[in-house]
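Take a look at the structure set out below.
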Amino acid sequence: MIGVRPFFSKESQMTGSILVILGSERISGPPEPPRLGERVASACVHRLEAKAVPATQVDPIEIELPHPFKPHFAYRRGSAPEVLDRLAEQIAAAEGYVMVSPEYNHMMSPVLADLLNHFGSSLFSYKPSAIVTYSAGQWGGTRAAVSMRTFLSELGCLPVSAMIHVPRAHEVFGVDGTYLAGVDAARWDGYLDRTLDQLGWWAAAAARQRGDGGKRPGAFMVDPSQRNAP
């Protein structure tokens with residue numbers, strides 16, 4: 001809620017922002033309208049900024065990932081493509097993540113999975129994430145959230161318990177992510193806040209813990225043997 005102390009205050013020891021990562025690069029229909037996910041991602045950015053929370057949107061349509069697939073951590077130091085280095089810096093600097101995805105075959109977007117798979121868990125770990133799904137139909141992409149929980153947990157950015165699902169998103173948000181005429185904005189703000197406020201609470205808690213200088217349990221980095229049982 002706008003009246004509460006901002007999550008990204010000096011007292012919270014947080015210096016980064018929330019990354020809002022869009023999992024769609026569709027620019028044409030069907031389904032219509034195209035770029036529906038951009039509306040939802042922009043709405044999340046607007047809501048975070050209304051709480052004085054710095055937010056940066058990552059749109060895969062603006063990113064040319066290298067192919068064939070090779071993750072950032074597989075390159076020798078200093079030899080990775082600039083686009084991967086830049087994204088890795090953004091991910092590492094962020095205090096938390098909002099993952100925005102449509103539903104593909106009951107799963108999260110392959111575009112979102114591809115983007116995230118380029119980076120290791122050490123960049124994401126010990127920070128929270130929030131799951132946001134959407135659709136042009138009545139279900140709001142809810143089934144995608146099931147696979148997203150497992151995926152994000154493996155990355156180490158544990159999803160908060162509340163989630164955001166937006167059915168018929170084109171009837172809620174305009175192209176700039178603001179509410180369309182006739183939409184109950186206060187009710188939708190409250191719905192988004194339920195998840196974003198949880199994200200902010202956990203992000204502040206994690207930032208304080210990191211700021212205290214406590215040693216973190218090791219995250220999986222490169223060698224699969226790091227996961228082996230004795």
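Not measured: the values here are computed from a predicted model.
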Sequence neighbours left out, cut at 3.5 Å: what donor-acceptor pairs do the side chains of residues 134-142 make with other protein atoms?
from	atom 1	to	atom 2	distance (Å)
Ser135	OG	Gly137	N	3.3
Ser135	OG	Gly137	O	3.0
Ser135	OG	Gly140	N	2.9

Distance, nearest 0.5 Å, that separates [atom1] of [X] from [atom2] of [Y]:
| X | Y | atom1 | atom2 | result |
| --- | --- | --- | --- | --- |
| Cys44 | Met99 | SG | CE | 12.5 Å |
| Ser109 | Met148 | OG | CE | 9.0 Å |
| Leu112 | Thr133 | CG | OG1 | 11.5 Å |
| Leu123 | Leu155 | CG | CG | 9.5 Å |
| Phe173 | Thr178 | CZ | OG1 | 9.5 Å |

Determine which pairs satisfy salt bridge (Lys or Arg N to Asp or Glu O under 4.0 Å) with at least one residue from [range], sequence neighbours left out, and list them in order.
| range | answer |
| --- | --- |
| residues 168-182 | none |
| residues 56-78 | Arg35-Asp59 |
| residues 78-91 | Glu82-Arg86 |
| residues 123-143 | Glu103-Arg143 |

If you measure from the Lys or Arg side-chain nitrogens to the Asp or Glu carboxylate oxygens, is any gap between Glu154 and Arg149 under 4.0 Å?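 Looking at Glu154 and Arg149, the cut-off is not met.
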Report the hydrophobic cluster partners of Val146, with the cluster defined as I, L, V, M, F, W, Y residues connected by side-chain heavy atoms closer than 4.5 angstrom, directly or transitively.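 Same cluster as Val146: nobody, lone residue.
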Enclosure of Met107 CE (heavy-atom neighbours >12, cutoff 6.0 Å):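 For Met107, atom CE is not crowded (no more than 12 foreign heavy atoms under 6.0 Å).
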List in chain and number order the residues that pass ring-ring contact (aromatic ring centres under 6.0 Å, His included) with His170, two or more places apart in sequence or in another chain; answer none if no residue qualifies.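 If we apply the ring-ring contact (aromatic ring centres under 6.0 Å, His included) test to His170, skipping adjacent residues, there are no hits.
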Joint cluster assignment, [X] & [Y], ILVMFWY side-chain distance < 4.5 Å:
| X | Y | value |
| --- | --- | --- |
| Leu36 | Met163 | no |
| Val111 | Val58 | no |
| Val166 | Leu180 | yes |

Please lay out, stage by stage, how Leu84 and Leu65 fare under the test side chain to side chain contact (heavy atoms under 4.5 Å, CB included). CA-CA 7 Å; Leu84 291 184; Leu65 293 173; 3.9 Å; yes
Heavy-atom closest pair, residues His165 and Tyr191: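 Distance-wise, the nearest heavy atoms are N-OH, 2.8 Å.
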If you compare all heavy atoms of Ala207 against all heavy atoms of Glu95, which two are closest, and at what distance to 0.1 Å?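 Closest pair (atom of Ala207, atom of Glu95, distance): CB-OE1, 4.0 Å.
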Test side chain to side chain contact (heavy atoms under 4.5 Å, CB included) on Ile61 and Glu38 and set out the steps. CA-CA 10 Å; Ile61 203 171; Glu38 185 180 23; over 6 Å; no
Among Val100, Val45, Val98, find the residue that satisfies the side chain to side chain contact (heavy atoms under 4.5 Å, CB included) test when tested with Gln57.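 That would be Val45.
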Residues forming a side chain to side chain contact (heavy atoms under 4.5 Å, CB included) with [X], sequence neighbours excluded:
| X | value |
| --- | --- |
| Trp202 | Pro128, Val160 |
| Pro167 | none |
| Leu192 | Arg47, Ile164, Tyr179, Trp188, Leu196 |
| Ser153 | Leu158, Pro159 |

Pairwise side-chain contact, Leu152 with Leu116, heavy-atom cut-off 4.5 Å (strictly under):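 Sidechains of Leu116 and Leu152: in contact.
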Does any N or O in the side chain of [X] come within less than 3.5 Å of the main-chain N or O of [Y], such that one atom is a donor and the other an acceptor?
| X | Y | answer |
| --- | --- | --- |
| Ser147 | Ala144 | yes |
| Ser129 | Tyr97 | no |
| Ser79 | Tyr75 | no |
| Asp114 | Pro110 | no |

Is there a side chain to side chain donor-acceptor pair (under 3.5 Å) between Gln198 and Ser161? Walk through the geometry before answering. CA-CA 8 Å; Gln198 281 192 13; Ser161 62; 3.1 Å; yes
Could you please spell out the steps behind the side chain to side chain contact (heavy atoms under 4.5 Å, CB included) verdict for Thr56 and Ile18? CA-CA 6 Å; Thr56 301; Ile18 294 292; over 6 Å; no
Donor-acceptor contacts, no H, no angles, side chain residues 19-33, under 3.5 Å, sequence neighbours left out:
from	atom 1	to	atom 2	distance (Å)
Ser24	OG	Arg26	N	3.3
Arg26	NH1	Pro30	O	3.2
Arg26	NH2	Tyr104	OH	3.1

Passes side chain to side chain contact (heavy atoms under 4.5 Å, CB included), Val132 versus Thr195? Steps please. CA-CA 9 Å; Val132 179; Thr195 296; 5.5 Å; no
Assess the residue pair Phe73 and His118 against the criterion (ring-ring contact (aromatic ring centres under 6.0 Å, His included)); give the C-alpha distance rounded to whole Å, side-chain angles, the decisive distance to 0.1 Å, and a yes or no. CA-CA 8 Å; Phe73 54 78; His118 278 81; 9.6 Å; no
